[in-house]
Amino acid sequence: MITWNNLDTIPAYQELQKGKTVHLAEAMTGEKGAERVRKYSVPMAAGLVYNYAAKQVDDEILKSLAKLAEETQLIEKFQALYNGEVINTGEKRKVLHHMTRGQLGEAVVADGVDKRSFYAEQQKKIAELAEKVHSGQITNAAGEKFTTVVQIGIGGSDLGPRAMYLALENWAKANNTFKMEARFISNVDPDDAAAVLNTIDVEHSIFVLVSKSGTTLETLTNESFVKDALKNAGLDASRHMIAVTSETSPLAKSDDYLAAFFMDDYIGGRFSSTSGVGGAVLSLAFGPEVFARFLDGAAEEDRLAAKKDIFANPAMLDALIGVYERNILGYQNTAVLPYSQALSRFPAHLQQLDMESNGKSVNRFGEPVNYVTGPVIFGEPGTNGQHSFYQLLHQGTDVIPLQFVGFRNNQMGRDVVIQDSTSQQKLCANVAAQIVAFACGKADEDRNKNFQGGRPSSIITGDCLTPEALGALLSHFENKVMFQGFVWNINSFDQEGVQLGKVLAKKVLAHDTEGALKAYSDLLNI
């Protein structure tokens with residue numbers, strides 16, 4: 001039987017509070033450090049490896065974390081989730097994003113429909129449309145092929161798909177699977193839509209409108225902006241637009257779209273990259289086969305997340321170490337630092353994934369919790385970040401745990417040797433150096449040049465960022481966030497915190513304001 005209890009009632013948590021902490025600089029110095037690097041690694045899917053040697057853990061702490069996983073029933077709760085129990089208590093919904101890439105457990109029927117079959121059918125329909133676009137069976141009014149796909153969405157309908165597209169753009173070009181350029185419009189700021197429209201040929205562009213409800217204000221506003229541009233170009237907008245929405249939305253059966261593909265309320269926006277939300281744009285940009293490989297990597301990593309042994313379950317281990325850092329060591333932030341330019345928007349996606357999911361101060365039953373929950377997530381790709389905010393990471397007053405990602409090979413297969421090493425070797429040298437510098441520091445009598453060290457990090461490594469590796473990486477972090485929510489006894493699958501501002505914005509636009517709201521409206525000349 002599953003029980004949902006607050007973290008501060010769990011015996012293993014109280015045990016961790018009383019335990020000794022690890023002196024990271026000592027643990028990572030000399031041969032001891034080399035031994036930790038060899039020992040503290042867990043294989044992931046698609047040839048990736050999660051290495052946590054530079055985290056402030058040892059065998060005793062890991063033993064207590066394993067007990068915490070058992071006492072909080074993490075695997076049992078995951079099983080309940082993928083077998084279709086109502087885990088999203090705030091909205092009284094199932095949580096089924098894992099089913100968009102495979103069947104982990106029992107068949108799940110909701111609304112009278114087998115959900116795995118439903119998601120697979122939508123992916124098949126998206127693949128068929130993409131193939132018709134690529135082959136020229138679906139064209140513009142002049143019978144010419146579309147060359148650009150533009151996604152119109154916001155939040156999870158933009159951040160994840162945009163990050164995934166950028167992650168695979170160079171790989172697809174190098175591997176001859178690149179089909180169409182993709183662009184993204186998200187912000188209701190008219191400069192966003194105008195900037196995209198100014199850089200594309202609208203006559204040869206197909207637009208993907210993504211709105212589950214069909215009522216998202218920013219998305220519908222941008223749709224109108226695009227339709228106006230198409231009309232001004234003398235084009236029939238209905239021949240240039242497809243919709244990704246729910247079957248009950250006003251967009252579902254509209255004649256304004258070439259086609260509509262469906263999602264449902266069991267897929268949260270920030271967890272939707274492996275659904276039609278990411279599937280339409282990625283299949284059009286790279287081909288359905290590449291999207292299928294991306295799903296395979298995610299599914300393989302999901303299967304690892306179902307393992308009970310924390311040392312065979314990298315997402316759960318990563319989650320538990322994160323809880324230890326947040327609730328025992330008191331660290332407030334986490335920096336995501338991919339040493340891969342292809343992952344330039346991946347930190348932004350993880351920021352939404354983590355902070356929208358676990359930025360909660362009440363438990364699953366609406367009761368205040370007496371402990372901290374989700375950290376602040378930020379990051380940029382290396383080596384750019386080294387010349388930006390790493391100063392604070394190395395010598396600032398706050399210790400900020402770090403999550404590195406690095407690959408031994410680049411995506412494009414092109415490089416140059418300068419000063420006896422390639423660019424890729426220089427990139428990898430930097431990430432290795434940073435891990436040790438953060439952990440071990442450097443003593444100097446000049447306090448300005450003294451590095452205390454003791455700054456914890458982990459790294460996920462792989463040979464190359466392929467579709468499978470990207471899917472595994474995405475799944476790892478989705479499952480990490482899920483497990484942490486289970487430990488904290490919060491609902492990671494609603495986002496009431498984004499609603500109040502939307503409600504007040506509608507009041508402003510209706511001129512139904514008073515007090516400070518009216519004063520700010522006047523200040524902005526609304």
Side-chain angles (χ1 to χ4, degrees), residues 41-52 97-98 100-102 156 159-172 270-275 277-279 282 286 290-306 312-319 321-322 334-354 357 377-382 401-411 427-428 431 457-484:
S41 278
V42 178
M44 295 173 57
L48 300 179
V49 173
Y50 170 65
N51 186 289
Y52 56 100
H97 56 273
H98 297 89
T100 61
R101 58 248 194 175
L159 284 165
R162 187 193 297 248
M164 302 308 127
Y165 170 77
L166 292 173
L168 293 179
E169 182 179 18
N170 282 339
W171 179 91
R270 57 197 176 275
F271 297 96
S272 66
S273 291
T274 53
S275 75
V277 173
L282 296 177
F286 307 133
V290 172
F291 183 66
R293 291 176 58 180
F294 169 63
L295 296 183
D296 288 344
E300 186 184 351
E301 188 67 24
D302 287 342
R303 289 190 287 273
L304 293 180
N313 187 329
M316 187 161 67
L317 179 57
D318 194 1
I321 293 172
T334 297
V336 179
L337 309 169
Y339 275 62
S340 168
Q341 188 61 30
L343 294 173
S344 61
R345 292 298 289 167
F346 199 67
H349 170 60
L350 295 187
Q351 187 177 66
Q352 185 203 14
L353 173 66
D354 202 311
S357 296
I377 306 293
F378 69 97
E380 284 289 331
L402 316 166
Q403 173 66 72
F404 291 100
V405 181
F407 299 95
R408 288 176 283 275
N409 299 296
N410 64 46
Q411 291 181 311
L427 181 70
C428 291
V431 69
S457 69
S458 59
I459 183 168
I460 293 173
T461 60
D463 284 328
C464 182
L465 183 56
T466 62
E468 292 86 350
L470 182 65
L473 202 60
L474 177 71
S475 166
H476 174 89
F477 285 104
E478 287 181 350
N479 291 321
K480 173 186 176 180
V481 166
M482 172 194 70
F483 284 131
Q484 288 185 330

What are the two closest heavy atoms between P161 and V277, and how far apart are they? CG-O, 3.7 Å
Once the angle between the rings of F404 and Y339 is folded into 0 to 90°, is it parallel (under 30°), tilted (30 to 60°) or perpendicular (over 60°)? tilted
In short, G382 meets L427 closest at the heavy-atom pair O-CD1, 3.9 Å
Rounded to the nearest 0.5 Å, the CG atom of N410 sits from the CG atom of L465 at a distance of 11.0 Å
Give me the atom names and distance for the closest heavy-atom approach of L48 to L473. CD1-N, 4.2 Å
Please find the pair of heavy atoms, one from Q351 and one from I377, that lie closest to each other, and give the distance. NE2-O, 2.8 Å
Indicate yes or no: does E169 engage R345 in a salt bridge with an N to O separation below 4.0 Å. no
Can you name the closest pair of heavy atoms from F483 and A319 and give their distance? CB-CB, 3.7 Å
Sub-4.5 Å side-chain heavy-atom contact between V405 and S340: no
To the nearest 0.5 Å, atom CG of L337 lies from atom CZ of F346 at 12.5 Å
Between L304 and Y50, is any pair of side-chain heavy atoms under 4.5 Å apart? no
Taking side chain as C-beta onward, heavy atoms only, is H97 less than 4.5 Å from M482? no
Heavy atoms only: give me the nearest G379-P347 pair and the separation to one decimal. O-CB, 3.7 Å
Just so I know, are the side chains of L317 and I321 near enough to count as touching, which here means a heavy-atom distance under 4.5 Å? yes
Quick check against the 3.5 Å criterion: does T466 have a side-chain atom that pairs as donor or acceptor with the backbone of A469? yes
Atom pair CG/CG of L353 and L159 - distance to nearest 0.5 Å: 10.5 Å
Exactly one candidate in L343, L474, V336 meets side-chain contact (heavy atoms from CB on, under 4.5 Å) with L350; the answer is V336
Working to the nearest 0.5 angstrom, can you tell me the gap between F291 CZ and M164 CE? 10.5 Å
Partner of R101 under salt bridge (charged side-chain N to carboxylate O under 4.0 Å, His left out), chosen from E468, E478, E300: E478
Taken to the nearest 0.5 Å, the spacing of S357 OG from F271 CZ works out to 3.5 Å
Output for pair (T461 OG1, M44 CE), nearest 0.5 Å, gives 9.0 Å
I'd like to know if the side chain of E301 and the backbone of F477 have a donor-acceptor N/O pair within less than 3.5 Å. no
Which of I459, V42, I460 passes side-chain contact (heavy atoms from CB on, under 4.5 Å) with Y52? It is V42
Is any side-chain heavy atom of V290 closer than 4.5 Å to a side-chain heavy atom of L282? no
Taking the side chain from D318 and the backbone from P314, do they hold a donor-acceptor pair closer than 3.5 Å? no
